[in-house]
Amino acid sequence: SQQGEEDPQALSIQEGENATMNCSYKTSINNLQWYRQNSGRGLVHLILIRSNEREKHSGRLRVTLDTSKKSSSLLITASRAADTASYFCATDSLGLPNTGNQFYFGTGTSLTVIP
Amino acid sequence: DTGVSQNPRHKITKRGQNVTFRCDPISEHNRLYWYRQTLGQGPEFLTYFQNEAQLEKSRLLSDRFSAERPKGSFSTLEIQRTEQGDSAMYLCASSQDRYGYTFGSGTRLTVV
């Protein structure tokens, strides 16, 4: 079962604009990760944020985590056509059956950046 | 070592046939995972190896599915008596610890 859910399902923006994607999850977590997937390819790890962190940056990426609301957001600034991809959040889970060796992925946000 | 390698990239098979996929992880990674992804969905966990030991299996991994990782190196995932519902992308990932998987490009299975 999916632990996370991304919002919106699809997002289309112009090159240079910022893109914000949100992820909501159901149970307590130790950490949350964001991945990117280009069409028909594997996933690429972008960033990990731990439950005791509120914000993290990596290049043009900014991730926030609000454990009280069980939600996270991924902001991509100054988007480029090459950012066109699907973006997934993934969490471990302290509630669902899990020994910490698997991650639960959301359903993804499909981002299109128009040149 | 250029990453996680999966073969074949695509596989079309007739219902009822057996198929086997291979994953070569990053050599220094002792953790290996198999996930399945259907269209429009996120990956779902199938199984996890630490070295050669298969430590976790999802309920998604029915009796028709078997995975191995002999000598803790490459891994194979076999599906016996394939069904149309098995059509999906099968993703392999490896990692040194619990965080930050490196995924392969996947094997896309189509059962006709």
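A note on names: the letters A, B, ... follow the listed sequences, proteins ahead of strands, and every chain is numbered from 1. These numbers come from the heavy atoms of this one structure, side chains and all, not from hydrogens, waters or symmetry mates.
- Across B:S95, B:A93, B:S105, the residue that shares the most heavy-atom pairs under 4.5 angstrom with chain A is B:S105.
- Hydrophobic clustering (side-chain heavy atoms under 4.5 Å, transitive across Ile, Leu, Val, Met, Phe, Trp, Tyr) groups A:I13 together with A:W34.
- B:L60 and B:L109 end up in the same hydrophobic cluster when Ile, Leu, Val, Met, Phe, Trp and Tyr side chains are linked at under 4.5 Å.
- B:Q50 CD: more than 12 foreign heavy atoms inside a 6.0 Å radius.
- Each of B:L77 and B:Y48 belongs to its own hydrophobic cluster when Ile, Leu, Val, Met, Phe, Trp and Tyr are linked at side-chain heavy-atom distances under 4.5 angstrom.
- At a heavy-atom separation below 4.5 angstrom, chain A is approached by B:M89, B:L91 within residues 82-92 of chain B.
- Between the B:Y101 side chain and the A:L43 main chain, no donor and acceptor come within less than 3.5 Å of each other.
- Near-neighbour residues of residues 46-60 of chain A relative to chain B, defined by a heavy atom under 4.5 Å from a heavy atom of that chain, comprise A:L48, A:R50.
- Listed by chain and number, the residues in a side-chain hydrogen bond (donor to acceptor under 3.5 Å, both in side chains) with A:D66 are A:S68 (sequence neighbours excluded).
- The nearest pair of heavy atoms linking A:F103 to B:Y35 is N-OH, 2.9 Å.
- Cluster annotation: B:L61 and B:V111 are assigned to the same hydrophobic cluster (Ile/Leu/Val/Met/Phe/Trp/Tyr, side-chain heavy-atom contacts under 4.5 Å, transitive).
- The number of heavy-atom neighbours closer than 6.0 Å to CZ of B:R9, taken from other residues, nucleotides and ligands shown, is above 12.
- Inspection of non-hydrogen atoms places no residue of residues 63-70 of chain B under 4.5 Å from chain A.
- Using a 4.5 Å cut-off between heavy atoms, B:Q6 does not touch chain A at all.
- Tracing side-chain contacts under 4.5 Å through hydrophobic residues (I, L, V, M, F, W, Y), one reaches A:Y87 starting from A:I29; they form part of the same cluster.
- Contact of A:Q37 with chain B is made through the side chain alone, with heavy-atom distances under 4.5 Å.
- Summarising the local packing, CD1 of A:I114 is surrounded by more than 12 heavy atoms from other residues, nucleotides or ligands at distances under 6.0 Å.
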